[in-house]
Amino acid sequence: MNTVTGQAIRVLVIDDEPQIRKFLDISLRAQGYVVQLAEDGRSGLDALATGGADLVILDLGLPDMDGHDVLRSIREWSKVPVLVLSVRADEGGKVRALDAGANDYVTKPFGVPELMARVRALLRDAVAPVATAESPVYDDGRLRIDLARREVALDGQPLALTRKEYALLALLVQHADRVVTQPQLLREVWGPTHAEDTHYLRILLAKLRHKLGDDPASPRWIITEPGVGLRFRRA
């Protein structure tokens, strides 16, 4: 059985499609998770409030409530990681969900390996934050980022980054294994008046990846989520 600090990991699935609920129930239980199922937004919120959960898997298309409203309700009182399920074409919905507080998303249709990888990443992030005010250093043996000292080193050698390159990297590592949307990146790095200037982000990302030696075709650290944003993957 999967555990968090010795306790069984509880996953709450909120989805109105019986086939998806059954698929997720079987897949998650096979990996040792304890699963609770809800078929609509209201019953999902009630289940979370009464029984709690270590992770919520939330479909955006629910019969009684908009998935974004469910997410906003959760975020009013809970920091539980939320993995959103979204149809492939609904990129606007993904961005709205991530901006509203979702931690990650999986597009429908999806495979078990991808889903489980996302689940593990969110649970790992929930119990072991990478670089926060309390633990401001990320170090995977190759890349070291010291947020307190604003220092970056690659393979033991100091890495010279511009102010904006460092700001982008620091923002991503503080949200490691979670998608940071393009609007959020642009607002944080360039300011609110540049929220639509996506070409700034493309140029800066290319320069940062070049300095990190992070091949965009097969990235080690910075993953592009097309049409949505970027995700720093812990190596």
Side-chain angles (χ1 to χ4, degrees), residues 1-129 175 177-181 184 225 228-229 231:
M1 178 178 291
N2 266 303
T3 62
V4 174
T5 61
Q7 301 296 318
I9 298 176
R10 299 162 299 160
V11 179
L12 171 62
V13 175
I14 307 175
D15 195 300
D16 67 319
E17 298 183 52
Q19 300 90 338
I20 296 293
R21 288 200 306 274
K22 182 177 180 180
F23 170 74
L24 291 173
D25 188 29
I26 293 172
S27 300
L28 290 163
R29 290 184 187 278
Q31 298 297 316
Y33 299 108
V34 175
V35 183
Q36 184 169 3
L37 304 175
E39 63 183 16
D40 56 44
R42 180 51 54 195
S43 60
L45 289 170
D46 290 345
L48 182 61
T50 57
D54 298 298
L55 175 75
V56 174
I57 298 179
L58 171 66
D59 182 21
L60 291 181
L62 297 170
D64 62 333
M65 299 176 65
D66 184 280
H68 301 95
D69 292 334
V70 175
L71 179 57
R72 280 189 286 270
S73 295
I74 291 173
R75 284 293 171 256
E76 287 177 358
W77 55 276
S78 176
K79 295 183 179 180
V80 63
V82 177
L83 176 63
V84 161
L85 302 182
S86 174
V87 295
R88 187 175 303 277
D90 189 14
E91 289 183 350
K94 297 174 195 173
V95 173
R96 284 178 58 205
L98 291 163
D99 279 342
N103 300 82
D104 202 354
Y105 72 90
V106 171
T107 55
K108 293 181 178 182
F110 53 84
V112 173
E114 178 190 7
L115 175 70
M116 294 306 162
R118 304 275 187 161
V119 166
R120 289 192 299 270
L122 290 180
L123 291 169
R124 185 171 63 237
D125 189 46
V127 299
H175 296 81
D177 291 322
R178 290 156 46 178
V179 177
V180 185
T181 64
Q184 181 180 351
E225 302 288 355
V228 180
R231 175 167 54 92

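The figures that follow rest on heavy atoms only: side chains count, while hydrogens, waters and symmetry mates do not.
Rounded to the nearest 0.5 angstrom, Q36 CD and S43 OG are separated by 9.0 Å. Between the CG atom of N103 and the CG atom of L71 there is a distance of 8.5 Å, given to the nearest 0.5 Å. Remark: R231 CZ to L98 CG distance equals 11.0 Å, nearest 0.5 Å.
In terms of modelled atom types and a separation under 3.5 Å, the side chain of D64 and the main chain of G41 share a donor-acceptor contact. The closest donor-acceptor contact from the side chain of S27 to the backbone of F23 lies under 3.5 Å. A donor-acceptor distance shorter than 3.5 angstrom exists from the side chain of R75 to the backbone of V80, with no hydrogens or angles considered.
At least one side-chain heavy atom of Y33 sits under 4.5 Å from a side-chain heavy atom of V119. Y105 has its side chain out of reach of L60: every pair of non-hydrogen atoms, C-beta onward, lies at least 4.5 Å apart. Within the 4.5 Å cutoff, the side chain of E17 has no heavy atoms near those of the L85 side chain. Residues M65 and D40 fail the side-chain proximity criterion, which asks for heavy atoms closer than 4.5 Å. Contact annotation: the side chain of I14 approaches that of L62 to within less than 4.5 Å [non-hydrogen atoms, C-beta and beyond]. Side chains of D59 and I20 form no contact here, defined as non-hydrogen atoms less than 4.5 Å apart.
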> How far apart are the C-alpha atoms of L122 and D177, what are their side-chain angles, what is the distance that settles it, and do they pass the side chain to side chain contact (heavy atoms under 4.5 Å, CB included) test?
Replying inline: CA-CA 7 Å; L122 290 180; D177 291 322; 6.0 Å; no
> side chain to side chain contact (heavy atoms under 4.5 Å, CB included) between L24 and L115: does it pass, once the steps are laid out?
Replying inline: CA-CA 9 Å; L24 291 173; L115 175 70; 3.3 Å; yes
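Contacts of D104 classified as salt bridge (Lys or Arg N to Asp or Glu O under 4.0 Å), with partners at least two apart in sequence or in another chain: R118. The side-chain hydrogen bond (donor to acceptor under 3.5 Å, both in side chains) search around R10 returns none, not counting sequence neighbours. When the side-chain contact (heavy atoms from CB on, under 4.5 Å) test is applied to P18, the partners found at least two apart in sequence or on another chain are R21. In this view, D46 satisfies the side-chain hydrogen bond (donor to acceptor under 3.5 Å, both in side chains) rule with no residue, not counting sequence neighbours. For the side-chain hydrogen bond (donor to acceptor under 3.5 Å, both in side chains) test, residues two or more places apart in sequence or in another chain that qualify with D99 are T181.
For the pairing with V35, the side chain to side chain contact (heavy atoms under 4.5 Å, CB included) check across I9, I26, L28, L12 returns one residue only, L28. For the side chain to side chain contact (heavy atoms under 4.5 Å, CB included) with L83, the lone residue among V13, V106, V11, L58 that qualifies is V106.
Note on K22 versus D25: no salt bridge recorded, every NZ/NE/NH1/NH2 to OD/OE distance being 4.0 Å or above.
Residue pairs meeting the ring-ring contact (aromatic ring centres under 6.0 Å, His included) criterion with at least one member in residues 35-55: none, sequence neighbours excluded.
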